[in-house]
Amino acid sequence: MSVNSKRVFYVKYLANPIYIDILKARPDLRLDRIENESLEDFYLPIIEAAHVYQIGAARDELAPHFHVDAAFLKRTPNLLLVSSNGAGFDPVDVAACTDAGVLVVNQSGGNAHSVAEHALAMMLTLSKRIIQSDRRLRRERGVNRNELVGNEVEGKTVGIVGLGNVGRRIAALCKGLLGMTVLAYDPYLTAEVMANRGGEKVELDELLRRADFVSISCPLDKGSRGMIGVREFALMQPHAYFITTARGFIHDEDALLQALRDKRIAGAGLDVWSKEPPPPEHPLLQLDNVLASPHTAGVTIEARRNMGRIAAEQVLDTLDGKRPPRIINPEVWPRYAERFKQAFGVMPG
């Protein structure tokens, strides 16, 4: 294989510089960086020649014309692989990639510990009313601690929506550290698998009715978009908390705001938003029983390095003709394999 015969590009940022270090060790590979503001004369030759697009997972951090949709794919005739920096892949139209014979992969599991710890931290902070205590101390004199009585988490029930890499880690922390009862809703897993991952399989409505904490950790797709709305918040208990470290658009922000204003639920911990980051004037940010972060659950030093390493290794394995372990659209494989052979002269295994 000749020098720089395999082409990879990214826009704006990578999860971690280790990605560059790993790819630089390969003389047969060229890595190009494009900025959101790059002119078409600069970036068009790069994307036209590229075999791999290492794409950011956050839709609002990427210029719209660098989102992968049918129009973009028409401009990238040699593209074989779209690899997300994270577990999510919001800027990628997976169906359009499948139609074009392009493989899509993510880095699922690489930040599971960080996201699970963040979800647990939100549960504890809300339940113990730490956020309200902090805000009142900064605003008032003579704060009465008896007005800030919280609750223990130990022995309570957590309902986890999505028992994948993150959800199973949340289950392990809640069950192992705090002796909580773990309910779980995941239509793609059997009761046996879910039990092995620490959760009792229930339907979504039952989970919402029984849980003291509802934690969302499922991917955003057609099935989960708008999953939690007015009806679902109405099923939750008045003392329950809603936590999400998954993706915006899974829950309805307006419905959540109304549920909080009407005191139908006790509070919320929100790491994901329909617009990221949300503006300071966002109505949910005005409520003292809302704990907010700007999609930073998986943003830790350890997770970023792990995600960068996994992404680089998966890209190299794919370009070397191996089947990557984290395929989002496995149904595309036969067509992808033919396109790979046309590009490199061998069938991927």
Side-chain angles (χ1 to χ4, degrees), residues 1-12 14-15 19-34 38-57 62-108 221 308-349:
M1 189 66 68
S2 60
V3 174
N4 291 341
S5 60
K6 298 176 180 178
R7 302 285 296 271
V8 180
F9 79 95
Y10 67 99
V11 178
K12 187 178 178 179
L14 295 164
Y19 184 94
I20 298 173
D21 295 339
I22 292 173
L23 264 61
K24 273 186 174 179
R26 290 284 297 264
D28 60 335
L29 188 145
R30 171 174 166 171
L31 177 64
D32 289 294
R33 172 174 173 162
I34 299 172
S38 294
L39 299 177
E40 187 174 278
D41 288 347
F42 172 77
Y43 73 74
L44 191 56
I46 293 173
I47 69 173
E48 286 179 340
H51 301 108
V52 177
Y53 181 5
Q54 185 65 51
I55 190 170
L62 195 64
H65 58 278
F66 288 127
H67 288 208
V68 177
D69 54 19
F72 180 87
L73 290 166
K74 289 179 180 179
R75 310 181 84 185
T76 55
N78 294 295
L79 194 65
L80 295 169
L81 176 70
V82 175
S83 171
S84 170
N85 282 347
F89 40 91
D90 294 8
V92 182
D93 184 335
V94 177
C97 288
T98 301
D99 290 342
V102 175
L103 203 64
V104 180
V105 299
N106 68 355
Q107 319 312 322
S108 59
D221 55 27
R309 176 186 58 78
I310 292 172
E313 291 174 351
Q314 188 163 225
V315 164
L316 290 182
D317 282 348
T318 305
L319 288 175
D320 287 342
K322 300 175 184 177
R323 187 182 180 100
R326 298 173 179 85
I327 302 175
I328 302 301
N329 56 341
E331 67 275 16
V332 80
W333 186 263
R335 187 172 177 208
Y336 159 81
E338 289 296 330
R339 295 185 68 239
F340 187 95
K341 182 180 180 181
Q342 291 173 9
F344 300 123
V346 294
M347 287 291 287

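For the single chain, residues carry numbers from 1 onward in sequence order.
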Requested in this report: Run the numbers on F72 and D93 for side-chain contact (heavy atoms from CB on, under 4.5 Å), then give the verdict.
Outcome: CA-CA 10 Å; F72 180 87; D93 184 335; over 6 Å; no

Query raised in the report: Could you go step by step and tell me if V68 and V102 meet the side-chain contact (heavy atoms from CB on, under 4.5 Å) rule?
Result: CA-CA 11 Å; V68 177; V102 175; over 6 Å; no

**Report entry** Side chain R33, main chain K12, donor-acceptor under 3.5 Å
**Finding:** yes

Query raised in the report: Between atom CZ of R326 and atom OG of S83, what is the distance when rounded to the nearest 0.5 Å?
Result: 10.0 Å

Report task. State the NE2-CG distance between H51 and L319, to the nearest 0.5 angstrom. Result -> 8.0 Å

Requested in this report: Go through the steps for Y10 and I20 under the test side-chain contact (heavy atoms from CB on, under 4.5 Å), then give the verdict.
Outcome: CA-CA 11 Å; Y10 67 99; I20 298 173; 3.9 Å; yes

Report task. Using the side-chain contact (heavy atoms from CB on, under 4.5 Å) rule, take V92 and C97 through it: C-alpha gap first, then chi angles, then the decisive distance, then the call. Result -> CA-CA 8 Å; V92 182; C97 288; 3.8 Å; yes

Report summary line: Nearest heavy-atom approach of P324 to W333 is CD-CZ3, 3.9 Å

Query raised in the report: How long is the gap from NZ on K24 to CG on L29, to the nearest 0.5 Å?
Result: 12.0 Å

Query raised in the report: When rounded to the nearest 0.5 angstrom, what distance separates NZ in K6 from CG in L80?
Result: 10.5 Å

Query raised in the report: Would you say the side-chain atoms of Q107 pair up with the backbone N or O of S84, donor to acceptor, closer than 3.5 Å?
Result: yes

Report task. Find out whether R75 and E40 are in side-chain contact, i.e. whether some heavy atom of one side chain is under 4.5 Å from a heavy atom of the other. Result -> yes

Query raised in the report: Hey, does the side chain of D320 reach the backbone of K322 with a donor-acceptor pair shorter than 3.5 angstrom?
Result: no

Requested in this report: Only counting residues at least two apart or in another chain, list the ones meeting ring pair (Phe, Tyr, Trp, His ring centres under 6.0 Å) with F9.
Outcome: Y53

Query raised in the report: With distance as the sole criterion, is a donor-acceptor pair present between the side chains of N85 and Q54 under 3.5 Å?
Result: yes

Requested in this report: Mind jotting down which residue pairs meet the salt bridge (charged side-chain N to carboxylate O under 4.0 Å, His left out) criterion with at least one end in residues 333-349? Sequence neighbours excluded, please.
Outcome: none

Report task. Find out whether P325 and Q314 are in side-chain contact, i.e. whether some heavy atom of one side chain is under 4.5 Å from a heavy atom of the other. Result -> yes

Query raised in the report: Within a strict 4.5 Å, meaning less than it, do heavy atoms of the I55 and V11 side chains meet?
Result: no

Query raised in the report: Out of curiosity, H67 NE2 to L62 CG, how far, rounded to the nearest 0.5 Å?
Result: 4.5 Å

Report task. Could you tell me whether a side-chain N or O of N78 sits under 3.5 Å from a main-chain N or O of E48, the two making a donor and an acceptor? Result -> yes

Query raised in the report: What pair of heavy atoms forms the shortest contact from P330 to R323, and how long is it?
Result: CB-NH2, 4.1 Å

Query - Shortest non-hydrogen contact from V332 toward T98 - result: CG2-O, 3.5 Å

Query - Minimum heavy-atom distance between G56 and P91, given as atom pair plus value - result: O-CG, 3.3 Å

Query raised in the report: Nearest 0.5 Å, what's the CD1-OH distance between I327 and Y336?
Result: 8.0 Å

Query - Distance-minimising heavy-atom pair for G88 and A57 - result: O-CB, 3.5 Å

Report summary line: Sorted by chain and number, sequence neighbours left out, ring pair (Phe, Tyr, Trp, His ring centres under 6.0 Å) with F89 holds for none

Query - F66 ring center within less than 6.0 Å of Y43 ring center - result: yes

Query - Contact summary for F340 and P348, nearest pair of heavy atoms - result: CD2-CD, 3.7 Å

